Structures are given as C-alpha cells and as structure tokens.
J.: 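Below is a structure I'd like to ask you about.
The model shown is predicted, which means the values in this text are computed figures rather than measured ones. First listed ligand is number 1; within each ligand, the first listed atom is number 1.
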Amino acid sequence: MDHFLYRDGALHAEDVPVSEIAAAVGTPFYVYSTATLTRHFQLFQDALSGLDHTICFAMKSLSNQAVLKTLADLGAGMDVVSGGEYARAVAAGVPGDRIVFSGVGKTREEMTQALQGGIRQFNVESEPEMETLSAVATELGRTAPITIRVNPDVDAKTHAKIATGKSENKFGIPISRAREVYARAAALPGLEVVGIDVHIGSQLTDIEPFRTAFTKVADLTRALRAEGHDIRRLDLGGGLGIPYTRVNEAPPLPFDYGAMIRETVGDLGCEIEIEPGRLISGNAGLLVSRVIYVKSGEDREFLILDGAMNDLLRPAMYDAHHDIVPVVEPAPGADTSAYDVVGPVCESGDTFAKGRHLPQLGAGDLVAFRSAGAYGAVMASEYNTRPLIPEVLVKGDQFAVIRPRPTFDEIIARDKLPEWL
Ligand SMILES: *Cc1c(COP(=O)(O)O)cnc(C)c1O
C-alpha cells in the first residue's frame, strides 16, 4: 500500500496534490512519501519484533539523503555498496556502527574509508578480498569485523539480471567451500569473523527460495560453530518483491517473511540483519511526467512524454512494468485508448509501455508512474544531456525539493577543455 491516492478527482502525494508539485518544480520529477517509507520500514520492524535485529536499508535502491535521514531517524542502518554510498550515509547522519558494506569489488581505498569512519561489518565476497581487507586493517592497526557472503546456489525465480544466488552469479563464495574459507579468515590477523551473509536476488515474489537459502545458512551456522567459529550475526540480505501491478500480484508480506526467518534461523541465538531496499522504497515513489505530444503512427498511437529512459531505466533494462496513471482522475467508464508510451530519447528502447490502455490523454496532461521509488532516480543518467530530474519529499501537507534540477550551465561547466585545444 502507499499514500498516492485520488482525492476530489486529483492524484495526491499524501495531502499534496501532485499537480501542485508539478507547477512548482516543473516536470518530470520524482516524488516520495514519508508516510509510505515509514510504514514499510515499520512493517519489517514488526515482522522481526522480539528477535535481536537490525534493518539496514539497501540504499542503492534510493539514496537521497533526505530519505536516508527519514529512515535512520526510525532506527534504520544502511547497506552500502561503494565508498560514495558510505560517504552519503555518513553525511545523512547514519552512525558507522549501523553501516554494513556489501559488494564484490571493494577497493583498498573504500576499506580504509570505512575502517577509519566506523563500520558495523564488511560482507566479504571472496578470498582475495578477505586477504586485502586483513592487510588494510592491519596497516591501520585495526580489526575489521566481517561476515562472509555465501552463495547458496538457490534459484530465486526472479529476473536473470537481478538473481544473485546461483552458482553462475559473481556473488559470494560457494557454500560448499564455506568451511575452508572461514578457516582461512579466522587465521588472518586483521579480521574478526562475526557471522554469515547471504543475498539471493531482488524482486522475489515467492518465499520458498528464501526458506531454502536460510535453511542452508542455519546448517552452516551449526557446522561453523562446531569448528569453533563464533557465529553470532546472520545477515539475510534483501530481495523481498513488491506488487508492480494492482491485479494478480501478491508477493509475500513482510510478516510472512519474518515468520519464515523465525522458523529457519530464529532458534540459533544470532542477531539478525536484513537489507531490504525495494520493499521500503519502491512503492514510496512516483515519477511524474507530462505528455508533450500524442502522435499517430501507422497502426498505433504514441504518447510522447517529457520523461525518458534516462530518468527511469527499469523498463528498458529489465522490461519492467510500471503502472501509469493520469494525475487527473478519469471519470468512471471514461473511454480508453491503447498507447505506446515513449520518451524523447533517441533510442527505440526508450519505451515505457506498449499498447497500454489508458484514459484518453492529450498534450499537457500529467501522468504518474507508480512504484518508481526503488531503482528509479538512482539509476538515472544525463544521456542526451537531459538534466537529472528533481526529487521531492512529501510529509503530510508539506513538500520540499530534496534534489533540485541542475541548470544546463551547471551540467556544461563540468566539462573542461584542455589548454592545448
Ligand atoms: C541490492 C541488494 C539488496 C537489496 O535488494 P532489494 O531487492 O532492493 O531488497 C540487499 N543486499 C544486497 C547485498 C544487495 O546487493
């Protein structure tokens, strides 16, 4: 559920008419709901209540500092995957001991940055990384707390580009080699092994792959403890899917996910960490765009918007579906047309939807892409020298621009001409 509803015939973000934001900031733009972010975070808190747990928001899904601060103020930690994300989390006021560092390619610089700034743990993904981290920590006179990410070889049954838990994926170490790798980690001077990490993919709409993976993690916990490792923390990753359409989609609820966590790993006495991204941020955001032209093709109508693939990449990248709704509520039973919904970028892949049935729209009308909070603004680029679009945060009847639209001058000034040119 979210807080983007029609009221008096107009789409609202909480108590603010979306058209009012469009008039103030121009289109296209992203708008996020504080109430939805809060509600989704709270659902995980409730689902894990009674367990010693920490929720580290996967900030790669939506990393504006205003969003990070909203969640951090509720007690969230952050899952970061780069030095840039680490710096952003710290800038948003997240204490180092609530930041976990994931990713297959951490550099020595990133390790140094996190060790000096404070870190809850590194989720280590390979033996070379383990050795580098130990060396970096030793040079700094510190000990790096680590989990090792295991790859459980489980089919997450999601889009191939976001499945991460099969043996052919680049992530983690094969679970079959875990005991050997843990023994090596324990022997390295700069590391303190605190637990196990697993993350099998994103947009999972079935709970069973999680159950299979977490059962393997529980077995591994017992095996590693028997060999003397003090496994006291389990990072179970993120990945819980969200409904992208209003019909026929019922991904598992956080409550059921929490129950499954209790069943699989709840009796081990471990501290539980989870790293949800999409479920917290996805339905907390809209992309709002304006129709520039309605163009008649030979056999179809094109709805040409001012938003494009560089603003919201998911349809081009993953063939993702986003519901598109008019900002003015259509009258009940109003006529619809089938549109190919496209942006102005010079690529045929700049297509948001084909043959989408929408109420009839004309130039100047506003539309909103639903479920655009996660992997939306963060994946945007300036392709075609289109400025990164503004982000707006709503709370009740207030809204604020949390990232302004850059001017052309600001964008162009980043290029430097060499003296010899
Ligand atoms: C992307 C990612 C997540 C978050 O995934 P969601 O599907 O957005 O919940 C969590 N952990 C790791 C390691 C990730 O790479």
Side-chain angles (χ1 to χ4, degrees), residues 37 40-41 43-44 47-48 53-63 67-68 71 76-82 84-86 89 98-106 110 119-126 129 146-152 154 156-166 169-173 195-207 209-210 213-214 217 233-244 251-254 257-258 261 272-285 313-314 317-318 320 371-379:
L37 290 166
H40 290 163
F41 179 77
L43 285 175
F44 280 115
L48 298 181
H53 72 272
T54 304
I55 300 169
C56 293
F57 175 58
M59 63 178 275
K60 74 173 192 281
S61 70
L62 176 56
S63 60
V67 170
L68 303 187
L71 294 170
M78 295 296 151
D79 172 41
V80 310
V81 294
S82 70
E85 284 196 351
Y86 181 90
R98 277 201 253 147
I99 301 177
V100 301
F101 206 137
S102 300
V104 294
K106 302 175 199 80
E110 289 172 324
I119 188 81
R120 179 179 187 81
Q121 97 231 359
F122 293 90
N123 294 333
V124 171
E125 300 224 15
S126 67
E129 181 193 337
I146 67 157
T147 67
I148 297 175
R149 178 168 175 180
V150 293
N151 184 325
V154 169
K157 302 197 183 95
T158 183
H159 191 288
K161 285 186 184 164
I162 48 176
T164 60
K166 283 288 284 173
N169 302 131
K170 67 182 176 183
F171 300 97
I173 57 146
I196 305 173
D197 172 45
V198 70
H199 170 72
I200 59 173
S202 194
Q203 186 54 18
L204 271 71
T205 51
D206 181 358
I207 215 154
F210 286 121
F214 299 172
V217 167
R233 186 179 294 169
L234 300 180
D235 183 331
L236 301 175
L240 198 56
I242 62 169
Y244 277 96
L253 300 172
Y257 174 77
I261 287 176
I272 302 298
E273 279 170 9
I274 57 168
E275 302 168 344
R278 190 189 309 266
L279 200 136
I280 291 177
S281 54
N283 280 322
L313 190 57
R314 298 189 68 258
M317 179 129 143
Y318 311 116
S371 316
Y375 307 105
V378 288
M379 284 191 175

J.: Which heavy atom of the protein is the closest neighbour of atom 7 (O) of ligand 1, given with residue, atom name and distance?
T.: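 The protein heavy atom lying closest is Ser202 OG, 2.3 Å.
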J.: Verify, without hydrogens or angle tests, whether Arg314 (side chain) and Gly376 (backbone) share a donor-acceptor contact under 3.5 angstrom.
T.: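 Absent.
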J.: Show which atoms of ligand 1 fall inside a sub-4.0 Å distance from at least one heavy-atom site of Arg278.
T.: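 Matching atoms, with element in brackets: 6 (P), 8 (O), 9 (O).
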J.: Which pair of heavy atoms, one from Glu275 and one from Asp197, lies closest together, and at what distance?
T.: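 Of all heavy-atom pairs spanning Glu275 and Asp197, the closest is OE2-OD1, 4.1 Å.
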J.: For Arg149, take its heavy atoms, then give the atoms of ligand 1 lying under 4.0 Å from any of them.
T.: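 That gives atoms 13 (C) of ligand 1.
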J.: So which heavy atom in the protein is nearest atom 13 (C) of ligand 1, and how far is it from that ligand atom?
T.: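 It is Glu275 OE1, 3.5 Å.
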J.: Give the atoms of ligand 1, by number and element, whose distance to some non-hydrogen atom of Pro276 is under 4.0 Å.
T.: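 The atoms of ligand 1 under 4.0 Å from a heavy atom of Pro276 are 9 (O).
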J.: Using every non-hydrogen atom in the two residues, find where Ala213 and Pro152 come nearest and quote the distance to one decimal.
T.: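 In this case the closest contact between Ala213 and Pro152 is CB-CG, 4.0 Å.
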J.: Looking at CZ of Arg278 and OG of Ser371, how far apart are the two atoms once the value is rounded to the nearest 0.5 Å?
T.: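 Between atom CZ of Arg278 and atom OG of Ser371 there are 10.0 Å.
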J.: Pick whichever of Phe57, Tyr375, Phe101 has a heavy atom sitting closest to atom 8 (O) of ligand 1.
T.: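 Among Phe57, Tyr375, Phe101, the closest heavy atom to atom 8 (O) of ligand 1 comes from Tyr375.
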J.: Would Leu279 count as a polar contact of ligand 1, with the cut-off being nitrogen or oxygen pairs under 3.5 Å?
T.: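 N/O-N/O distance under 3.5 Å: no.
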J.: Once you round to the nearest 0.5 Å, how far does CD of Glu110 lie from OH of Tyr86?
T.: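 Between Glu110 CD and Tyr86 OH, I get 12.0 Å after rounding to 0.5 Å.
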J.: Would Arg120 and Thr54 count as a side-chain contact (heavy atoms from CB on, under 4.5 Å) here? Give the steps.
T.: CA-CA 11 Å; Arg120 179 179 187 81; Thr54 304; 3.0 Å; yes
J.: Could you tell me the residue and atom name of the protein heavy atom closest to atom 1 (C) of ligand 1, and the distance to it rounded to 0.1 Å?
T.: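 That would be Lys60 NZ, 1.3 Å.
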J.: Please list, in number order, the atoms of ligand 1 under 4.0 Å from a heavy atom of Ala58.
T.: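 The atoms of ligand 1 under 4.0 Å from a heavy atom of Ala58 are 3 (C), 4 (C), 10 (C).
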J.: Is it the side chain, the backbone, both or neither of Asp79 that has a heavy atom closer than 4.0 Å to ligand 1?
T.: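 Looking at Asp79 and ligand 1, just side chain atoms fall under 4.0 Å.
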J.: Work out which heavy atom in Asp79 is nearest to a heavy atom in Ser102; give both atom names and the distance.
T.: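 Shortest heavy-atom separation between Asp79 and Ser102 comes out as OD1-OG, 2.6 Å.
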